[in-house]
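Letters go in sequence order (proteins before strands), and every chain restarts at 1.
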Amino acid sequence: MPETNKNDNFFTRVYEVCRLIPEGRVTSYGAIAKHLGAARSARMVGWAMNNSHKQEIFVPAHRVVNRNGLLTGKHHFGETTLMEQLLNSEGIEVENNQIQNFKEIFWDPGVELL
DNA sequence: ACCATGACGTTTC
DNA sequence: CGAAACGCCATGG
């Protein structure tokens with residue numbers, strides 16, 4: 001359980017960017033990591049998502065997928081269909097854990113947010 | 001301090 | 001084109 005102030009800032013950054021993701025849009029761990037200046041720490045972003053469930057503020061982790069647009073972390077949502085349902089609820093088409101039109105709905109924090 | 005793991009990404013075979 | 005290996009970096013044991 002990371003309780004360090006400095007590291008907590010990094011995690012907070014990830015959560016903050018995730019919440020900035022508009023509905024119907026998705027992004028990748030690497031994009032967030034790169035935006036935070038830790039392009040090589042894409043795994044850490046995923047780790048942060050793992051801790052996101054313990055955050056008081058809800059984090060739309062379902063809008064964050066890997067570079068392939070594949071719902072790799074769906075089993076972390078409890079029910080495997082939950083993540084897909086959430087994305088589908090926002091108008092995102094998902095098939096076989098793969099986001100359709102991923103390139104079109106992709107939201108890059110380093111471009112859109114900049 | 002060392003080894004193992006992971007919601008990733010890129011390169012190589 | 002698909003699968004495997006390697007690299008990166010933080011957290012846990």
Side-chain angles (χ1 to χ4, degrees):
Chain A
M1 307 51 139
E3 294 296 337
T4 3
N5 305 358
K6 293 182 289 188
N7 288 355
D8 203 31
N9 189 352
F10 176 80
F11 277 57
T12 304
R13 281 283 193 177
V14 179
Y15 307 138
E16 192 174 330
V17 176
C18 286
R19 293 192 223 108
L20 289 173
I21 303 175
E23 291 186 11
R25 292 294 198 96
V26 289
T27 189
S28 62
Y29 305 95
I32 298 174
K34 186 178 181 180
H35 178 67
L36 298 177
R40 273 108 167 166
S41 304
R43 297 180 119 135
M44 302 304 95
V45 178
W47 199 259
M49 292 293 104
N50 196 356
N51 275 288
S52 67
H53 78 95
K54 68 192 282 184
Q55 300 303 317
E56 296 184 11
I57 311 177
F58 172 73
V59 180
H62 58 273
R63 294 183 190 150
V64 185
V65 294
N66 65 344
R67 190 60 180 95
N68 293 314
L70 193 67
L71 307 186
T72 50
K74 62 166 191 170
H75 34 268
H76 286 270
F77 279 78
E79 292 191 21
T80 37
T81 51
L82 180 59
M83 187 174 184
E84 185 173 334
Q85 286 177 14
L86 289 169
L87 291 170
N88 223 300
S89 263
E90 298 184 356
I92 301 177
E93 299 178 45
V94 180
E95 186 175 319
N96 194 10
N97 303 331
Q98 170 68 49
I99 296 182
Q100 306 303 307
N101 304 333
F102 173 67
K103 188 179 179 182
E104 296 183 19
I105 65 179
F106 179 73
W107 181 80
D108 190 342
V111 176
E112 308 284 341
L113 193 65
L114 193 62

Look at atom CD of A:Gln55 and say whether more than 12 heavy atoms of other residues, nucleotides or ligands are closer to it than 6.0 Å.
-> yes

Could you tell me the separation between the [atom1] atom of [X] and the [atom2] atom of [N], rounded to a whole number of Å?
{"X": "A:Asn97", "N": "B:dA7", "atom1": "CG", "atom2": "C1'", "answer": "13 Å"}
{"X": "A:Met83", "N": "B:dA7", "atom1": "CE", "atom2": "C1'", "answer": "8 Å"}
{"X": "A:Arg13", "N": "C:dC9", "atom1": "CZ", "atom2": "C1'", "answer": "19 Å"}
{"X": "A:Tyr29", "N": "B:dC8", "atom1": "OH", "atom2": "C1'", "answer": "9 Å"}
{"X": "A:Asn68", "N": "C:dC1", "atom1": "CG", "atom2": "P", "answer": "14 Å"}
{"X": "A:Met49", "N": "B:dT5", "atom1": "CE", "atom2": "P", "answer": "24 Å"}
{"X": "A:Asn51", "N": "B:dT5", "atom1": "CG", "atom2": "P", "answer": "20 Å"}
{"X": "A:Leu71", "N": "B:dC8", "atom1": "CG", "atom2": "C1'", "answer": "15 Å"}

B:dC8 OP1/OP2 closer than 4.0 Å to side-chain N/O of A:Thr72 =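 Affirmative; the distance criterion is met.
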
So what does A:Ala48 touch, heavy atoms closer than 4.0 Å: a base, only the sugar-phosphate, or nothing?
->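 Contact class for A:Ala48: none.
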
For A:Asn66, which contact category applies under a 4.0 Å heavy-atom criterion: base, sugar-phosphate, or nothing?
->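 Result for A:Asn66 = sugar-phosphate.
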
Nearest to the side chain of [X] - [options]?
{"X": "A:Ser28", "options": "B:dG9, B:dG6, C:dC9", "result": "B:dG9"}
{"X": "A:Met44", "options": "B:dA7, C:dG7, C:dC9", "result": "C:dC9"}
{"X": "A:Arg67", "options": "B:dT10, B:dA7, C:dT11", "result": "B:dT10"}
{"X": "A:Arg40", "options": "C:dT11, B:dA7, C:dC9", "result": "C:dC9"}
{"X": "A:Trp47", "options": "C:dC9, B:dA7, C:dT11", "result": "C:dT11"}

Should [X] and [Y] be counted in the same cluster of Ile, Leu, Val, Met, Phe, Trp and Tyr side chains packed under 4.5 Å apart?
{"X": "A:Leu86", "Y": "A:Leu70", "answer": "no"}
{"X": "A:Tyr15", "Y": "A:Phe58", "answer": "no"}
{"X": "A:Trp107", "Y": "A:Leu36", "answer": "yes"}

Atom NE2 of A:His35 and atom OG1 of A:Thr27: how far apart are they, to the nearest 0.5 Å?
->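 These two atoms lie 10.0 Å from each other.
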
Side-chain donor/acceptor contact of A:Arg43 with base of C:dC8 under 3.5 Å |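 Looking at the base of C:dC8, it does pair with a donor or acceptor on the side chain of A:Arg43 (distance under 3.5 Å).
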
